[in-house]
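Worksheet: the structure to be examined is printed underneath.
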Amino acid sequence: MKISGSDLHLFRVFESVARNGGMSAAQMELSLSQPTVSNHLTALEQRLGVKLCERGRRGFALTEEGRRVYQISMEITGMLEANSARLSCLRSVLAGKVEVGIVDCMATDPSFRIADAIAELSKAAPEIELNLKIMRPNDITKAVAEGDIDIGIGGSDIKVASVQYQIIYQEEHAVFCGSAHPLFRLKDEAITNAECYGHPWVHRGYWSGLRRHGFDGSAANRLTLDIEAQLLMVLSGTYLGVLPVHYAGLFERQGRLRRLPMTDEVYFADIEVATRASEQAANIGYVRDAIIKAHSMHL
């Protein structure tokens with residue numbers, strides 16, 4: 001069969017489903033609805049004339065033909081990505097657009113040194129045109145892998161083999177409540193983990209189940225996909241939430257939030273620079289290195 005552009009899209013969808021072991025995680029990675037993912041799988045099966053996977057109440061499993069097609073699809077997409085980068089490298093000048101995706105609510109973090117990198121780039125490589133976008137973590141991973149952006153900055157529980165990651169620093173997160181919440185005026189010694197887990201929580205939908213283990217069960221809990229949306233829910237006084245300390249601290253100093261003494265939910269998120277693992281154009285590599293250098297100078 002001759003492979004068309006639409007076939008390549010179907011292969012990418014199937015590869016994501018196979019790699020993630022089902023449609024739910026692939027749906028998040030691809031930013032597609034479950035019916036759309038299912039329709040794409042069906043279309044590829046019809047195109048190839050073989051059944052690729054078993055999916056239903058018993059779970060997801062590749063057929064023998066599905067395992068062979070998965071290997072072929074990885075070879076096809078890997079070859080396309082590698083040769084695309086080689087073509088880009090023909091122009092080795094430090095000029096042109098570089099697309100950078102960044103997770104939201106980073107500007108308040110003094111450890112985030114992107115401003116230093118931008119200042120340096122404007123002096124050393126003024127012909128490079130940076131295009132910064134605020135994006136959700138899993139969307140950044142997908143966009144880097146598919147070449148929609150050149151560099152991603154943030155952290156995601158989803159890792160893709162075709163993307164390389166370098167940690168530049170860690171972002172502290174802790175539990176906060178709003179000023180109208182029942183826990184706001186209690187003394188630290190009166191606040192227990194059990195009591196905190198008894199209240200409604202709002203967490204981010206792209207977190208893994210392990211990170212929200214303590215409060216997954218209640219129907220009163222809520223999901224958001226953006227940190228600012230999560231903050232607004234916490235400020236209402238109805239929900240507890242795990243927020244970046246640098247961001248929540250602004251509202252804590254205003255008396256609108258309180259950090260709760262829950263050490264079990266304190267964690268440090270790895271903030272990473274993500275680029276495609278294949279060969280990069282000179283301008284992309286230069287920007288990536290400038291971002292990493294700006295952060296290494298302040299470790």
Joint cluster assignment, Val234 & Leu250, ILVMFWY side-chain distance < 4.5 Å:
yes

If you look at every heavy atom in Ala124 and Tyr286, which pair is closest and at what distance?
CB-OH, 3.2 Å

Lys293/Glu120 salt bridge by N-O under 4.0 Å criterion:
no

When rounded to the nearest 0.5 angstrom, what is the spacing between NZ in Lys142 and OG in Ser156?
13.0 Å

Do Phe112 and Phe268 land in one hydrophobic cluster if side-chain heavy atoms of ILVMFWY residues count as linked below 4.5 Å?
no

Check Glu64 with Lys51, please: is the shortest side-chain N to carboxylate O separation under 4.0 Å?
no

Sub-4.5 Å side-chain heavy-atom contact between Asp109 and Tyr169
yes

hydrophobic_cluster_shared for Leu8 and Tyr70, side chain cutoff 4.5 Å
yes

For the pair Glu252 and Tyr247, evaluate side-chain hydrogen bond (donor to acceptor under 3.5 Å, both in side chains) and give the outcome as yes or no after the intermediate values.
CA-CA 9 Å; Glu252 189 177 20; Tyr247 184 53; over 6 Å; no

Side chain proximity check, Glu54 to Phe60, heavy atoms < 4.5 angstrom
no

Could you see if Leu243 belongs to whatever hydrophobic cluster contains Phe184? Use Ile, Leu, Val, Met, Phe, Trp, Tyr and a side-chain cutoff under 4.5 Å.
no

From Ser4 atom OG to Leu10 atom CG, the distance as rounded to the nearest 0.5 Å
7.5 Å

Under a 3.5 Å threshold, yes or no: a donor from one side chain and an acceptor from the other, between Gln230 and Arg204?
yes

Using side-chain heavy atoms (C-beta onward) and a distance below 4.5 Å, is Leu231 in contact with Leu257?
yes

Please determine whether a side-chain nitrogen of the Lys or Arg among Glu172 and Arg259 lies less than 4.0 Å from a carboxylate oxygen of the Asp or Glu.
yes

With a 4.5 Å cut-off on side-chain heavy atoms, are Met106 and Ile114 touching?
no

Examine the side chains of Thr141 and Asn138 and answer whether a donor and an acceptor come within less than 3.5 Å of each other.
no

Salt bridge check, Arg276 against Asp150: does any charged N sit closer than 4.0 Å to a carboxylate O?
yes

With sequence neighbours excluded, tell me which residues meet salt bridge (Lys or Arg N to Asp or Glu O under 4.0 Å) with Glu129.
none

Going by heavy atoms in the side chains, are Leu48 and Val69 under 4.5 Å from each other?
yes

Are Val266 and Phe251 linked, directly or through other ILVMFWY residues, by side chains that come within less than 4.5 angstrom of each other?
no

Under the salt bridge (Lys or Arg N to Asp or Glu O under 4.0 Å) test, residues paired with Glu171 that sit two or more places apart
none

Measure the shortest side-chain to side-chain distance between Arg67 and Gln71 over non-hydrogen atoms and say whether it is less than 4.5 angstrom.
no

Would you say that Glu45 contacts Val50 through its side chain, given a criterion of any heavy-atom pair below 4.5 Å between the two side chains?
no

Assess whether side-chain hydrogen bond (donor to acceptor under 3.5 Å, both in side chains) is satisfied between Asn39 and Thr36, documenting all intermediate values.
CA-CA 5 Å; Asn39 289 339; Thr36 300; 5.5 Å; no

Within-4.5 Å side-chain heavy-atom neighbours: Met23 and Val37:
yes

Could you measure the distance from the CG atom of Leu94 to the CG atom of Leu121? Nearest 0.5 Å is fine.
9.5 Å

Check this for me: does any side-chain nitrogen of one of Asp148 and Lys133 sit under 4.0 Å from a carboxylate oxygen of the other?
no

Any donor-acceptor pair under 3.5 Å linking the side-chain atoms of Asn20 with those of Glu29?
yes

About how many Å separate CZ of Arg12 and CD1 of Ile76, when rounded to the nearest 0.5 Å?
10.5 Å

